[in-house]
Structures are given as structure tokens and as C-alpha cells.
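The next block holds one structure in the form of C-alpha cells; read it before the comments.
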Amino acid sequence: MKDRHLSLNQTQRVRLEAALHELQSLAPAIASAAAVTVADTIPVNQEDNILKGHGTSDQDGEVVATLCGVVERVNKLVYVRTLRARYKPEVGDIIVGRVIEIAPKRWRLEINFSQDAVLMLSSMNLPDGIQRRRTAVDELNMRSIFEENDVICAEVRGFQHDGSLHLQARSEKYGKLERGQLLMVPPYLVKRKKQHFHHLEQYNVDLILGCNGFIWVGEHVVVGEKTKTTGGQQRFSTEAENFTPLETRKHICRLANAVRVLSALGFTLTVELIIETMEASASSNVEINDMLGAEFYVQTAEREAKHRADLLRKKNGAR
């Protein structure tokens with residue numbers, strides 16, 4: 001927990017430390033057993049001819065960890081997965097990025113990776129929605145599709161020879177994101193799941209949890225609406241931004257602050273936990289700007305500790 005930006009009084013600090021200590025004690029025993037630090041011995045069966053992977057080393061016939069993290073085993077491969085690592089892309093990841101350069105037949109995006117990502121003109125839907133070969137006219141009109149500082153949602157297609165990422169946005173659900181907030185959190189807080197796009201109907205809000213740690217919270221857009229907007233209709237879509245309902249804007253800000261609080265506390269970000277935190281702030285009559293105050297941080301940590309303790313109690317009772 002990074003509380004250097006919070007002005008915690010003595011009581012709040014004690015409450016927060018007690019909640020975080022309880023959360024740590026509630027962690028599954030299997031997770032703590034698999035956790036290792038540098039120079040810890042990893043128990044293995046030498047007769048299985050195991051393969052030593054990333055974060056391991058062979059010393060005096062024993063497998064020793066060279067990183068702090070969790071031991072993972074895949075068949076005969078043993079490696080250490082760091083808990084707080086940079087984003088490591090995998091094919092199929094849903095990511096959110098920002099355009100930083102328009103190059104010939106491609107856009108370059110910042111995606112919180114060691115290198116920039118590339119979105120080729122041939123790897124995305126055109127505004128007219130027609131599948132066809134890209135022409136010189138399409139290349140000249142690239143800036144009318146995406147320009148610098150635009151926020152884009154895409155999918156990791158593969159890696160190029162220089163190590164940079166190759167993206168694709170051929171589906172209608174991908175493309176430019178508008179009327180919302182872009183949040184940046186540590187990538188290890190976003191776990192890979194089958195669904196990263198979430199439409200929160202009760203709030204008319206779209207929530208996109210990017211695997212790269214970029215999270216988008218914005219007004220709901222009907223799938224297919226983006227591709228129907230042509231260059232001649234650009235001014236109408238710009239004017240429509242001014243008509244985002246005030247209630248929707250409040251929901252966006254409240255959800256975004258819930259993400260900020262959970263990220264600062266180091267909780268894994270799930271749509272259920274984000275909504276729960278948002279609704280807790282609303283039910284407690286906490287103003288949107290007060291969600292970033294010290295008291296709400298403490299209340300969130302205490303509420304999560306109580307929730308996990310109740311779950312563990314029910315689980316033990318069911319046995």
C-alpha cells in the first residue's frame with residue numbers, strides 16, 4: 001500500500017495496517033507455500049528430469065530461485081513467476097493504448113510495454129465497414145480514422161522481428177474510445193480472463209480491463225456505431241460528446257475513482273469488486289471526490305478484509 005499521497009491520521013493508519021494484516025493472514029496457504037524469495041530452494045524430484053526455467057538456477061544439485069515470486073510448474077518445466085512484473089504480452093490479449101505516431105500504413109501505440117505496438121492499416125476495420133483491399137486513398141485518410149493521442153482498444157496479433165507488438169482491430173468491438181477516462185494501473189492487477197469487455201447496463205457505462213494495465217471507463221457505445229460514422233459525419237459525433245448525460249458522467253467518475261482506490265490498495269481488479277466499491281461509496285453517501293480521501297481507503301480495506309473472512313468462514317463451515 002502506497003500511502004505517501006494520503007494524509008492518514010494515527011487512528012486511520014492503525015486501522016489500515018490492521019486490515020492489511022488480516023488480508024495477508026487470510027491468503028490461501030497454498031499460495032504462501034509456493035511463494036519464494038531469492039536463494040530459496042525449490043523442492044523438486046530430480047528423477048523426473050525437470051527443466052529449469054526463468055527465475056531458477058542449479059546450485060550444488062538443488063534448484064534455487066533467483067527471483068521473488070511464485071513457483072509455477074508446467075509438466076516438467078519449473079519456473080518462477082514474479083508478482084510485480086512489467087506487462088508481458090501474449091497473443092490474444094485485449095489491450096488499450098494511445099496513438100503516439102502515424103507512420104506509413106500504420107499507427108504506433110503506447111501500451112505500457114518496453115516497446116511501442118504497431119497497428120497496421122490492413123489490420124483494422126475501415127469506417128465504412130466494408131472488407132476490401134486498402135488503397136492509397138485509405139492511407140491518405142489515416143488521420144481521419146485515428147490521430148495522435150487517440151485512445152484505442154485492440155487485440156495482440158503477434159510479435160514482429162524487432163520484438164514490437166503487432167495489433168489487430170478487425171472486430172467492431174475494437175477501435176477508438178471516446179467520452180470516458182483512461183486509467184493506468186500496474187499490469188499484474190489485471191488477470192487474463194475470457195471477458196475483458198463489460199457493459200454495465202445499470203450505469204450505461206463500458207468498462208474495459210486491458211491486460212496491459214490500461215483501463216477504460218466510458219459511456220456505452222453500441223457495437224457497430226463506430227463503423228457507421230464516416231468522415232462527413234465526424235462533426236456530428238464531435239457535437240454528440242457534449243450531450244453525455246450528467247448522471248452517466250457521475251457514474252464514470254465514481255467507477256474510475258473505485259479503480260484508483262483498489263489499485264492503490266493492491267487488490268486484483270475484477271468487475272465485481274469495482275462495482276461493489278462504487279456502490280459502497282454511493283450507499284455511504286461518500287462524494288465522488290471524497291472517494292480519494294484517506295477514510296474511504298481505510299473503509300475499503302476493512303470491507304474487503306471482512307468479506308474475505310466471511311467467505312473463509314462459510315467455506316470452512318461447509319466442510
Side-chain angles (χ1 to χ4, degrees), residues 1-3 5-6 16-37 55 67-72 79-90 92-96 111-113 153 156 181-200 203 205-217 254-281 291-292 296-315:
M1 168 60 188
K2 299 179 180 179
D3 58 2
H5 299 300
L6 296 176
L16 181 60
E17 290 178 353
L20 294 178
H21 178 72
E22 184 177 357
L23 284 168
Q24 187 175 3
S25 64
L26 292 172
I30 186 172
S32 60
V36 292
T37 59
L67 294 173
C68 296
V70 177
V71 178
E72 299 284 354
Y79 66 97
V80 177
R81 174 175 56 85
T82 55
L83 294 178
R84 299 193 176 189
R86 293 193 56 143
Y87 171 57
K88 295 180 180 179
E90 293 184 8
D93 279 357
I94 304 299
I95 61 100
V96 177
I111 63 164
N112 197 25
F113 183 46
C153 179
V156 177
Q181 293 189 32
L182 176 65
L183 307 171
M184 288 170 278
V185 304
Y188 61 86
L189 295 180
V190 181
K191 304 302 181 185
R192 291 181 174 87
K193 295 189 175 181
K194 292 182 179 179
Q195 184 63 265
H196 286 264
F197 294 88
H198 303 280
H199 173 208
L200 310 182
Y203 307 120
V205 170
D206 284 335
L207 175 64
I208 304 177
L209 303 176
C211 295
N212 58 329
F214 284 10
I215 295 179
W216 175 259
V217 185
R254 196 173 284 276
L255 280 166
N257 282 350
V259 172
R260 293 185 177 100
V261 171
L262 295 172
S263 171
L265 290 170
F267 293 155
T268 300
L269 296 174
T270 63
V271 62
E272 295 82 10
L273 184 56
I274 294 172
I275 293 176
E276 179 185 335
T277 305
M278 172 196 175
E279 292 178 345
S281 68
M291 291 177 65
L292 301 180
F296 189 71
Y297 276 82
V298 177
Q299 291 177 0
T300 302
E302 290 176 339
R303 185 171 53 255
E304 182 64 15
K306 182 178 182 301
H307 176 67
R308 295 187 186 182
D310 291 341
L311 287 179
L312 184 61
R313 197 176 300 112
K314 290 180 180 178
K315 185 177 179 180

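More than 12 heavy atoms of other residues, nucleotides or ligands sit less than 6.0 Å from atom NZ of Lys191. Counting heavy atoms of neighbouring residues, nucleotides and ligands inside a 6.0 Å radius, atom NE2 of His199 exceeds 12 of them.
Within the model, atoms SG of Cys211 and CD1 of Ile95 stand 9.0 Å from one another, a figure rounded to the nearest 0.5 Å. Once rounded to the nearest 0.5 Å, the distance linking OG1 of Thr268 with CG of Leu262 reads 10.0 Å. Separating the CG atom in Asp93 from the NZ atom in Lys88 is a distance of 13.0 Å, to the nearest 0.5 Å. Rounding to the nearest 0.5 Å gives a distance of 5.5 Å between CG of Leu200 and CG of Leu207. Within the model, atoms CZ of Arg260 and CD of Gln181 stand 5.0 Å from one another, a figure rounded to the nearest 0.5 Å. Interatomic distance, His198 NE2 to Leu255 CG, rounded to the nearest 0.5 Å: 12.0 Å.
Under 4.0 Å is where a charged nitrogen must lie from a carboxylate oxygen, and between Asp310 and Lys314 no such pair does.
Contact annotation: the side chain of Phe113 approaches that of Pro89 to within less than 4.5 Å [non-hydrogen atoms, C-beta and beyond]. For the pair Leu265 and Leu16, the minimum side-chain heavy-atom distance is below 4.5 Å. Phe214 has its side chain within reach of Leu182: a pair of non-hydrogen atoms, C-beta onward, lies under 4.5 Å apart.
Paired with Ile274 under the rule side chain to side chain contact (heavy atoms under 4.5 Å, CB included), one option of Val217, Ile215, Leu209, Val261 passes, and it is Leu209.
Inspection of the Asn257 and Arg254 side chains reveals no N or O donor paired with an N or O acceptor under 3.5 Å.
The shortest heavy-atom contact between Met278 and Tyr203 is CE-CE2, 3.6 Å. Pairing each heavy atom of Tyr87 with each of Ile111, the nearest pair is CD2-O, 4.3 Å. In plain terms, the two heavy atoms of Val190 and Gly210 that are nearest each other are CG1-O, 3.5 Å. The two atoms that bring Leu269 and Ser263 nearest to each other are CD2-N, 4.3 Å, heavy atoms only. In terms of heavy atoms, Tyr297 sits closest to Met291 at CE1-O, 4.1 Å. Considering all non-hydrogen atoms of both residues, Asn112 and Pro187 come closest at ND2-CG, 3.5 Å.
Applying the side chain to side chain contact (heavy atoms under 4.5 Å, CB included) criterion to Glu304, with sequence neighbours excluded, gives Leu23, Phe267, Leu273, His307, Arg308.
Formation of a donor-acceptor pair under 3.5 Å by the Asn212 side chain with backbone atoms of Val96 is found in this model.
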